[in-house]
Amino acid sequence: MPTSYRLPAKTPVAATPIAFVRAIALAYAQRGLSPAQALAQAQIAPELLQRDDARITAWQMERISEAAMRELDDEALGWFGRRLPWGSYGMLARASNGAASLGVALRRWCRHHGLLTDDIALALQADGPVATLGITETGRGITPALREFCLVSVLRNVHGLACWYIDSRIPLLGAQFTFAAPPHADAYAVLFPGPVAFGAERTALHFDARYLALPLRRDEAALCQMLQHALPLTVRQYRRDRLLVQRVRQLLGAPGPLPTSLQTSEQASPLGAVPTSQSLPPLPMHSAESLAALLHLSPRTLHRQLKEEGATLQGLKDEVRRARALELLHRSRRSIKQVAAAAGFANEKSFIRAFRTWTGQSPAEFRRRGERGNG
């Protein structure tokens with residue numbers, strides 16, 4: 001299993017709802033078979049299926065899913081009008097792996113999925129800064145008792161594969177589902193970290209569209225290795241984020257909450273843009289804790305992943321503050337005190353000290369030299 005999505009050795013957390021195991025048991029019942037052997041392989045006691053509050057670990061979910069898919073020879077586990085024999089989703093992965101970018105690969109995957117079943121249709125849209133991967137239910141419709149498990153699994157499948165293609169975590173700006181909130185709705189914070197909405201018009205995932213331009217990083221050998229242990233991509237969250245530095249920089253430079261899937265391109269500030277309006281609010285005074293919460297990471301993970309990308313949080317803060325200050329000094333007539341506040345400094349003195357460190361001159365000297373050059 002590639003180390004990029006192997007979890008560290010620690011006490012397993014039981015977070016997967018037992019409702020998904022019940023759905024697998026129903027797939028067996030539809031075929032007149034017993035799930036007893038699959039439950040035993042996953043070390044799931046049959047009596048747990050009667051407990052609405054029961055949860056299982058990711059390892060148990062992987063084991064029972066693989067056992068059921070092989071025994072039923074159906075990777076869709078009874079969701080659709082016809083079986084998807086073992087290897088069907090692997091075939092889609094192979095067909096998309098030669099794409100030049102993630103966007104091309106996902107569009108190809110969605111199109112080819114329609115060749116396997118017409119009960120759902122998948123589509124990828126990129127509207128400004130937000131990409132949306134949505135599911136439309138068509139055809140005969142999915143069995144109501146299997147509907148939640150089907151939609152959740154398909155989205156987790158394609159999201160996990162997308163992360164693997166580019167060897168990067170793809171954080172979600174939001175996830176929405178057409179069904180009502182289930183009793184185990186709290187588990188969705190683990191399944192789909194980010195804002196989750198139920199009773200929506202469409203089932204979909206929303207994420208930063210910049211990931212679509214990243215090239216695929218997997219060759220045929222890596223694909224063959226992954227397909228031998230593919231289920232962790234669906235069950236477990238990917239770790240590394242190749243756009244983390246850019247996303248942190250954007251948060252530091254754009255006051256306000258993260259963009260949501262409902263924001264338009266006009267509402268989302270371009271990366272690195274520095275507004276010059278006189279009503280410009282100050283930069284947010286983010287700590288590692290507040291940034292980590294917005295990014296759905298722990299502070300320790302945030303620092304570690306930034307280090308892996310050759311950056312530090314303090315360095316990014318200085319970079320964003322410096323860019324804001326230079327822009328305002330050059331393009332506006334704000335006082336030094338106002339520029340200091342807009343750049344996120346508590347007082348003018350600390351701003352002047354930091355500015356000298358960045359440029360070797362005071363803010364006033366920088367402005368005067370700029371004016372002479374323009375004159």
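Sequential numbering from 1 along the given sequence is applied to the chain's residues.
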> Which is it for Asp119 and Glu137 under the side chain to side chain contact (heavy atoms under 4.5 Å, CB included) test, yes or no, and what are the steps along the way?
Replying inline: CA-CA 6 Å; Asp119 291 319; Glu137 298 176 51; over 6 Å; no
With distance as the sole test, does [X] use its side chain to make a donor-acceptor pair with the main-chain N or O of [Y] at under 3.5 Å?
X      : Y      : result
Thr143 : Leu146 : no
Gln50  : Glu47  : no
Lys317 : His286 : yes
Ser34  : Ala36  : yes
Asp127 : Val130 : no
Arg324 : Gly253 : yes
Glu75  : Gly87  : yes
Thr203 : Thr178 : yes
Gln176 : Phe198 : no
Thr357 : Arg353 : yes

Measure the [atom1]-[atom2] distance between [X] and [Y] for me, rounded to the nearest 0.5 Å.
X      : Y      : atom1 : atom2 : result
Leu124 : Leu212 : CG    : CG    : 5.5 Å
Leu77  : Leu84  : CG    : CG    : 9.5 Å
Ile24  : Ser153 : CD1   : OG    : 7.5 Å
Arg334 : Arg367 : CZ    : CZ    : 10.0 Å
Leu151 : Ile142 : CG    : CD1   : 5.0 Å
Leu306 : Gln314 : CG    : CD    : 12.0 Å

>> Taking ring pair (Phe, Tyr, Trp, His ring centres under 6.0 Å) as the definition, give me every residue that meets it alongside Phe355, ordered by chain and number, with sequence neighbours left out.
In response: Phe351, Phe366
> Passes side chain to side chain contact (heavy atoms under 4.5 Å, CB included), Leu313 versus His303? Steps please.
Replying inline: CA-CA 7 Å; Leu313 181 55; His303 285 300; 4.1 Å; yes
On a heavy-atom basis, which atom in [X] and which in [Y] lie closest, and how many Å separate them?
X      : Y      : result
Asn347 : Ser350 : OD1-N, 2.7 Å
Ile166 : Arg217 : O-CD, 3.0 Å
Arg247 : Pro171 : NH1-CG, 3.2 Å
Ala187 : Ala15  : CB-O, 3.7 Å
Thr57  : Gln60  : N-OE1, 2.9 Å
Trp59  : Ala42  : CZ3-O, 3.7 Å

Indicate yes or no: at least one non-hydrogen side-chain atom of [X] is less than 4.5 angstrom from one of [Y].
X      : Y      : result
Leu316 : Glu319 : yes
Thr301 : Leu295 : no
Phe207 : Thr132 : no
Ser168 : Tyr211 : yes
Ile120 : Thr136 : no
Ile64  : Leu39  : yes
Leu72  : Arg31  : yes
Leu283 : Leu252 : no

>> Can you confirm whether Gln37 is buried at CD, in the sense that more than 12 heavy atoms of other residues, nucleotides or ligands lie under 6.0 Å from that atom?
In response: no
Side-chain donor-acceptor contacts of residues 95-112 below 3.5 Å, not counting sequence neighbours, with atom names and distances?
from: Ser96; atom 1: OG; to: Leu92; atom 2: O; distance (Å): 3.1
from: Ser96; atom 1: OG; to: Ala105; atom 2: O; distance (Å): 3.4
from: Ser96; atom 1: OG; to: Trp109; atom 2: N; distance (Å): 3.4
from: Asn97; atom 1: ND2; to: Arg218; atom 2: O; distance (Å): 3.4
from: Ser101; atom 1: OG; to: Val104; atom 2: N; distance (Å): 3.4
from: Arg108; atom 1: NH1; to: Ala95; atom 2: O; distance (Å): 3.3

> Taking the inter-plane angle between the rings of His184 and Phe20 on a 0 to 90° scale, is it parallel (under 30°), tilted (30 to 60°) or perpendicular (over 60°)?
Replying inline: perpendicular
>> Test side chain to side chain contact (heavy atoms under 4.5 Å, CB included) on Leu48 and Val21; report intermediate values, then the result.
In response: CA-CA 9 Å; Leu48 279 184; Val21 181; over 6 Å; no
>> Give me each pair satisfying salt bridge (charged side-chain N to carboxylate O under 4.0 Å, His left out) with a member in residues 13-29, each pair once, sequence neighbours excluded.
In response: Arg22-Asp52
> What salt bridge (charged side-chain N to carboxylate O under 4.0 Å, His left out) pairs are there with at least one residue in residues 78-104, not counting sequence neighbours?
Replying inline: Asp73-Arg83, Arg94-Glu220
>> Could you check, using the six-membered ring where one of them is a Trp, whether Phe192 and Phe177 have ring centers closer than 6.0 angstrom?
In response: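 Yes, they do, as the ring centres are separated by less than 6.0 Å.
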> Are Tyr89 and His113 near enough that their ring centres are under 6.0 Å apart?
Replying inline: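 Yes, close enough.
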> Can you name the residues that form a salt bridge (charged side-chain N to carboxylate O under 4.0 Å, His left out) with Arg70, not counting sequence neighbours?
Replying inline: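 Arg70 satisfies salt bridge (charged side-chain N to carboxylate O under 4.0 Å, His left out) with Glu66 only.
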>> Run the salt bridge (charged side-chain N to carboxylate O under 4.0 Å, His left out) test against Asp74 and tell me which residues pass, sequence neighbours left out.
In response: none
> Yes or no on side chain to side chain contact (heavy atoms under 4.5 Å, CB included) for Ile18 and Asp53, after CA distance, side-chain angles and deciding distance?
Replying inline: CA-CA 7 Å; Ile18 199 68; Asp53 62 340; over 6 Å; no
> Run the side chain to side chain donor-acceptor pair (under 3.5 Å) check on Arg210 and Gln250 step by step: do they pass?
Replying inline: CA-CA 13 Å; Arg210 288 175 294 180; Gln250 185 175 31; 3.2 Å; yes
> Transitively linked via ILVMFWY side-chain contacts under 4.5 Å: Trp79 with Leu115?
Replying inline: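 Different clusters: Trp79 never reaches Leu115 through Ile, Leu, Val, Met, Phe, Trp or Tyr contacts under 4.5 Å.
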